[in-house]
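Please read the structure below before turning to the comments.
Keep in mind that the numbers below use all heavy atoms, side chains included, and drop hydrogens, waters and symmetry copies. We number each residue from 1, following the sequence as shown. A quick note: this is a predicted structure, and the numbers were derived from the prediction, not measured.
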Amino acid sequence: MKLPRTTLILILLALGLGGFVYFHEIRGATVREEAKEQKQKIFSFGEDDVQSLTVNTKKLTLSLERNPESSSKPKWLIKSPISDPANDAIVSYLMDLLVKGNSDRTLSTPAKQLGEFALDPAQATINITLKNRQSHQLILGKSNFNGRFLYAQADPAAKPDGYINVLLVSTDFANAVNRELSEWKQPVDNSQKLPPLTIPNPSPTNSK
């Protein structure tokens, strides 16, 4: 039986629409979910779990420790290369990246090629010690080809096949660690400074 031309067109349109819905909504949702799953958290600890941090860059090696007086400010103290209160806002920025940061994707590469990502030697290293004495490490390398991410390693270890996982992480990590020592220090609160002492001018004496 020969279908009318209008009916045939409607059937083709329905098939085309069904295919679009499948690939865009159903299949597309699956692909988006798979891509979402690839973005994994770098670390699984919480901010309150961290006891100390050591940040190594080409300019500076900085040791930070949580203030034992938990109820007082600042929350963090610089232990080395000086002993000083730390800038809580700066440390919190780094902590937020460590706790909430994701890896956009993971590359598997031979250990001998780490130099190509500027991971050996590294651009910067963050060593993390938790309150339960566990330790973690994040190694930062150079930016990727389009400058959107940094190459990095989290708790680096060679796999049985001799390859090593290289992560793509936010470039905010570079902004967080590449700072001058003065930026890590707690800013001086000028509002608490006493006003300068003023000495009144002596009254002029009348000459006779």
Side-chain angles (χ1 to χ4, degrees), residues 40-104 106 109 111 114-144 147 149-158 164-193:
Q40 297 180 350
K41 287 188 67 175
I42 301 172
F43 297 112
S44 60
F45 55 77
E47 181 177 351
D48 291 339
D49 297 328
V50 179
Q51 177 61 34
S52 63
L53 296 169
T54 300
V55 178
N56 292 284
T57 66
K58 292 184 176 180
K59 291 184 178 180
L60 180 68
T61 297
L62 180 85
S63 294
L64 298 160
E65 191 170 295
R66 189 178 291 276
N67 192 343
E69 303 294 333
S70 57
S71 60
S72 62
K73 294 288 184 177
K75 292 168 57 178
W76 290 91
L77 303 172
I78 301 175
K79 306 301 289 184
S80 177
I82 60 173
S83 181
D84 226 10
N87 187 325
D88 279 340
I90 297 296
V91 181
S92 294
Y93 177 57
L94 174 58
M95 284 295 308
D96 194 60
L97 291 171
L98 291 170
V99 171
K100 300 178 182 178
N102 293 320
S103 168
D104 186 75
T106 302
T109 185
L114 289 179
E116 298 178 13
F117 304 98
L119 289 166
D120 186 18
Q123 301 296 295
T125 303
I126 306 168
N127 292 298
I128 306 130
T129 302
L130 306 183
K131 292 178 180 178
N132 62 7
R133 304 295 181 93
Q134 289 184 1
S135 60
H136 296 275
Q137 186 180 60
L138 183 66
I139 301 174
L140 301 176
K142 67 179 182 180
S143 301
N144 69 331
F149 300 101
L150 291 179
Y151 294 115
Q153 288 181 280
D155 294 336
I164 289 180
N165 285 336
V166 174
L167 314 179
L168 286 175
V169 302
S170 171
T171 55
D172 289 340
F173 277 102
N175 300 327
V177 300
N178 290 317
R179 298 180 181 277
E180 300 294 333
L181 179 59
S182 58
E183 295 180 77
W184 291 101
K185 294 169 58 177
Q186 184 184 43
V188 177
D189 188 356
N190 293 320
S191 65
Q192 296 182 359
K193 286 186 175 182

* Does Lys100 NZ have over 12 foreign heavy atoms under 6.0 Å away? -> no

Counting distance only, does the side-chain N/O of [X] pair as donor-acceptor with the main-chain N or O of [Y] below 3.5 Å?
{"X": "Lys185", "Y": "Ile82", "result": "no"}
{"X": "Asn132", "Y": "Gln134", "result": "yes"}
{"X": "Ser92", "Y": "Asp88", "result": "yes"}
{"X": "Asn67", "Y": "Pro74", "result": "yes"}
{"X": "Asn165", "Y": "Thr106", "result": "no"}
{"X": "Lys41", "Y": "Gly101", "result": "no"}

* Between Phe117 and Leu150, does a side-chain contact (heavy atoms from CB on, under 4.5 Å) hold up when you go through it step by step? -> CA-CA 9 Å; Phe117 304 98; Leu150 291 179; over 6 Å; no

Is the shortest side-chain heavy-atom distance between [X] and [Y] below 4.5 Å?
{"X": "Asn175", "Y": "Asp172", "value": "yes"}
{"X": "Val91", "Y": "Leu64", "value": "yes"}
{"X": "Leu53", "Y": "Leu94", "value": "yes"}
{"X": "Leu77", "Y": "Pro68", "value": "yes"}
{"X": "Gln153", "Y": "Leu138", "value": "no"}
{"X": "Val166", "Y": "Leu119", "value": "yes"}
{"X": "Ile42", "Y": "Asn102", "value": "no"}

If you round to the nearest 0.5 Å, how far is [atom2] of [Y] from [atom1] of [X]?
{"X": "Ser143", "Y": "Gln123", "atom1": "OG", "atom2": "CD", "result": "9.0 Å"}
{"X": "Ser52", "Y": "Leu130", "atom1": "OG", "atom2": "CG", "result": "8.5 Å"}
{"X": "Leu98", "Y": "Phe173", "atom1": "CG", "atom2": "CZ", "result": "5.0 Å"}
{"X": "Trp76", "Y": "Arg66", "atom1": "CH2", "atom2": "CZ", "result": "4.5 Å"}
{"X": "Thr171", "Y": "Phe149", "atom1": "OG1", "atom2": "CZ", "result": "8.5 Å"}
{"X": "Asn144", "Y": "Leu168", "atom1": "CG", "atom2": "CG", "result": "5.5 Å"}

* Test log, rule side chain to side chain donor-acceptor pair (under 3.5 Å), inputs Gln186 and Asn87 -> CA-CA 4 Å; Gln186 184 184 43; Asn87 187 325; over 6 Å; no

Please report, to 0.1 Å, the donor-acceptor pairs under 3.5 Å made by any side chain of residues 44-51, with sequence neighbours excluded.
| from | atom 1 | to | atom 2 | distance (Å) |
| --- | --- | --- | --- | --- |
| Asp49 | OD2 | Gly46 | N | 2.8 |

* Taking atom types as modelled, is there a side-chain donor on Asn56 or Thr61 under 3.5 Å from an acceptor on the other? -> yes

* **Listed once per pair and sorted, the salt bridge (charged side-chain N to carboxylate O under 4.0 Å, His left out) pairs that draw on residues 128-138, sequence neighbours left out** => none

* Go through the steps for Asn127 and Val55 under the test side-chain contact (heavy atoms from CB on, under 4.5 Å), then give the verdict. => CA-CA 7 Å; Asn127 292 298; Val55 178; over 6 Å; no

* May I have the step-by-step check of side-chain contact (heavy atoms from CB on, under 4.5 Å) for Ile128 and Phe43, ending in yes or no? => CA-CA 11 Å; Ile128 306 130; Phe43 297 112; 4.1 Å; yes

* Structure fact -> Taken in chain and number order and not counting sequence neighbours, the residues that satisfy salt bridge (charged side-chain N to carboxylate O under 4.0 Å, His left out) with Asp120 are none

* Take Leu62 and Ile78 through the test side-chain contact (heavy atoms from CB on, under 4.5 Å) and record every step on the way to the result. => CA-CA 7 Å; Leu62 180 85; Ile78 301 175; 3.8 Å; yes

* To do: Let me know which of Leu60, Thr57, Leu97 forms a side-chain contact (heavy atoms from CB on, under 4.5 Å) with Val177.
  => Thr57

